[in-house]
Participant: 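Shown below is the structure under consideration.
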There are 2 protein chains.
Amino acid sequence: MSVVARLRKSISEGVYPAGERLAELQVANDLGVSRTPVRLAFRTLEQEGLLERAGKRGFRVRAFTDADVLCALEVRGVLEGLAARRLAEQGLSTATLERLNACLDEGHAVLAKGHLTAEDVTRWSALNSRFHTTILGATGSQVIQDAIQRNDHLPFASADSLIIDTERLGREYRKLCVAQVQHQSIVQALAHGEGARVELLMREHAYIGIRYDELLELDPKSEPPE
Amino acid sequence: MSVVARLRKSISEGVYPAGERLAELQVANDLGVSRTPVRLAFRTLEQEGLLERAGKRGFRVRAFTDADVLCALEVRGVLEGLAARRLAEQGLSTATLERLNACLDEGHAVLAKGHLTAEDVTRWSALNSRFHTTILGATGSQVIQDAIQRNDHLPFASADSLIIDTERLGREYRKLCVAQVQHQSIVQALAHGEGARVELLMREHAYIGIRYDELLELDPKSEPPE
DNA sequence: TTTGCCAAAATTGGATCCAACTAAAGCATA
DNA sequence: TATGCTTTAGTTGGATCCAATTTTGGCAAA
């Protein structure tokens with residue numbers, strides 16, 4: 001695992017708390033390497049937005065507010081919406097359509113039995129990732145993908161960061177049902193070349209990560225943690 | 001001037017042609033520094049999208065197609081559109097509105113005499129930059145600004161990269177007149193809290209950089225290079 | 001007791017050094 | 001002559017070294 005990846009992990013796990021200034025030597029010792037790879041990694045992480053310059057010298061861990069997280073989600077929404085619209089306008093290959101339909105089928109299979117298991121969450125995460133990757137990959141230009149990937153390093157901005165609360169699998173099940181319908185609508189719009197529609201659907205779909213929780217809670221008291 | 005900035009310049013000027021593999025030592029000698037700052041700069045430039053990894057070792061200058069350039073422009077459009085919509089929805093301060101109106105006034109002054117000079121181009125570039133910076137700055141969250149700034153390093157994606165063709169100041173004058181009206185519409189929409197409208201206006205405004213040229217050419221033969 | 005200045009320690013940026021890996025060139029053999 | 005192997009030159013990744021700057025801590029004076 002590269003120094004950059006390990007540092008990303010440490011930051012997201014709170015080993016280095018938000019706002020903390022990172023000393024090159026300290027981090028180098030923590031990771032068991034010399035300063036050189038750490039210095040290189042700091043530059044990468046700075047561009048990714050996880051670190052920020054601390055005055056004239058050094059870096060600190062970037063702190064994210066709730067507003068920032070929502071913003072990162074909206075950025076993903078508009079970028080993925082742009083990608084989907086372009087794909088709809090340029091037309092998609094049958095191979096792409098088949099891959100997307102395969103994702104829909106598997107999603108249907110995951111949700112068919114009416115409730116969620118831990119294994120289902122893993123399967124969904126994989127198919128969801130495949131779904132989004134397929135659309136982004138089919139748009140051709142690398143530029144949009146790059147912009148999204150850079151944004152994905154921010155917390156909760158990635159399309160993968162969906163399920164967290166395993167205490168409330170009931171609510172999460174309903175959430176995935178909504179996500180499944182959204183995926184279906186997106187494929188329908190893509191297949192018919194409906195650029196404007198697919199863009200709006202994709203933008204709304206981005207909100208599934210954090211803004212649907214409060215909508216899908218049947219009743220706080222009727223569903224005790226399982 | 002930092003190593004990163006000098007390298008950016010060299011790449012955009014074609015000193016290192018697209019697709020060329022960059023040797024650390026070679027670049028270090030060219031810039032008169034040691035390998036260390038060059039290696040650090042390579043990581044930054046990679047994240048900015050100007051360099052890409054060449055296999056397992058080293059980097060090469062990224063090549064951009066016309067489609068990539070258009071894509072980068074659209075990315076700017078949707079991101080700046082998002083920023084403007086958020087600003088409209090959250091409401092803008094009187095100070096912000098005043099700054100924007102000052103930009104409009106200066107734009108009006110620049111275009112009042114009915115034609116362009118070299119000095120006018122500089123003035124427009126400055127006020128245009130101020131206009132866009134003001135809107136982005138007023139939205140609050142740094143996340144969108146970061147996404148835009150990263151995208152701006154790609155060729156022609158920046159809001160500043162407007163005027164190039166000093167051979168055709170007539171056409172460029174008409175282009176700036178359109179840009180001025182777009183700026184005015186954007187401020188109007190912002191002032192009235194019209195989020196959806198300002199987003200669409202901003203997205204269209206992004207195209208002014210390259211897609212309006214063919215629209216504003218009165219007649220290729222009627223306007224010889226001045 | 002508080003404030004300001006000076007010195008010392010820590011830390012970063014840049015340069016050099018070493019080892020590992022890649023690629024190219026040359027030689028030998030079929 | 002062509003192909004394949006070996007050796008060698010080059011380049012990158014990582015470690016260490018040096019200088020410069022910043023920050024911290026202590027001491028003195030008001």
Participant: To the nearest angstrom, how far is B:R35 atom CZ from D:dT11 atom P?
Facilitator: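 That distance rounds to 10 Å.
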
Participant: Does B:Y207 have B:R211 sitting over its ring (NZ/CZ under 6.0 Å from centre, angle to axis within 45°)?
Facilitator: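 Output yes; distance and angle both within limits.
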
Participant: What about the rings of B:H183 and B:H108, do their centers lie closer together than 6.0 Å?
Facilitator: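 No - the distance between ring centres of B:H183 and B:H108 does not fall below the 6.0 Å cut-off.
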
Participant: With nearest nucleotides of DNA chain D determined for B:T36 and B:L25 from heavy-atom distances, which residue corresponds to the more 5′ nucleotide?
Facilitator: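 Per heavy-atom nearest nucleotide, the more 5' residue is B:L25.
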
Participant: Looking at A:D120 and A:T117, would you say the former's side chain and the latter's main chain have a donor-acceptor pair under 3.5 Å?
Facilitator: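 A pair under 3.5 Å: yes.
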
Participant: Whole angstrom is fine here: how far is it from CD in B:Q26 over to C1' in D:dG10?
Facilitator: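 In whole Å, D:dG10 C1' and B:Q26 CD are 13 Å from each other.
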
Participant: So, B:D146 and A:R62, do they make that salt bridge, N to O below 4.0 Å?
Facilitator: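 Salt bridge flag = yes for A:R62 with B:D146.
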
Participant: Output one line per pair: protein atom, nucleotide atom from nucleotides 19-21 of chain D, and distance, for all N/O pairs under 3.5 Å.
Facilitator:
none

Participant: Considering only NZ, NE, NH1 and NH2 on the basic side and carboxylate oxygens on the acidic side, decide whether A:R150 and B:E46 come within less than 4.0 Å.
Facilitator: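 B:E46 and A:R150: not salt-bridged.
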
Participant: So, A:E48 and A:R8, do they make that salt bridge, N to O below 4.0 Å?
Facilitator: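 Looking at A:R8 together with A:E48, the answer is yes, because their closest N to O distance falls below 4.0 Å.
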
Participant: Would you mind checking if B:E80 and B:R86 are paired as a salt bridge, meaning a charged N to carboxylate O distance below 4.0 Å?
Facilitator: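 Salt bridge flag = no for B:E80 with B:R86.
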
Participant: Identify whether the distance between the nearest side-chain nitrogen and carboxylate oxygen of B:E89 and B:R85 falls below 4.0 Å.
Facilitator: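 A salt bridge is present here (some side-chain N lies under 4.0 Å from a carboxylate O).
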
Participant: Mapping A:L22 and B:G32 onto DNA chain C by nearest heavy atom, which one lands closer to the 5' end?
Facilitator: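 Checking each residue's closest nucleotide, the 5'-ward one belongs to A:L22.
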
Participant: With heavy atoms of chain A within less than 4.0 Å as the criterion, where does contact along DNA chain C begin and end?
Facilitator: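 Contacts span C:dT11 to C:dG14, reading 5' to 3'.
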
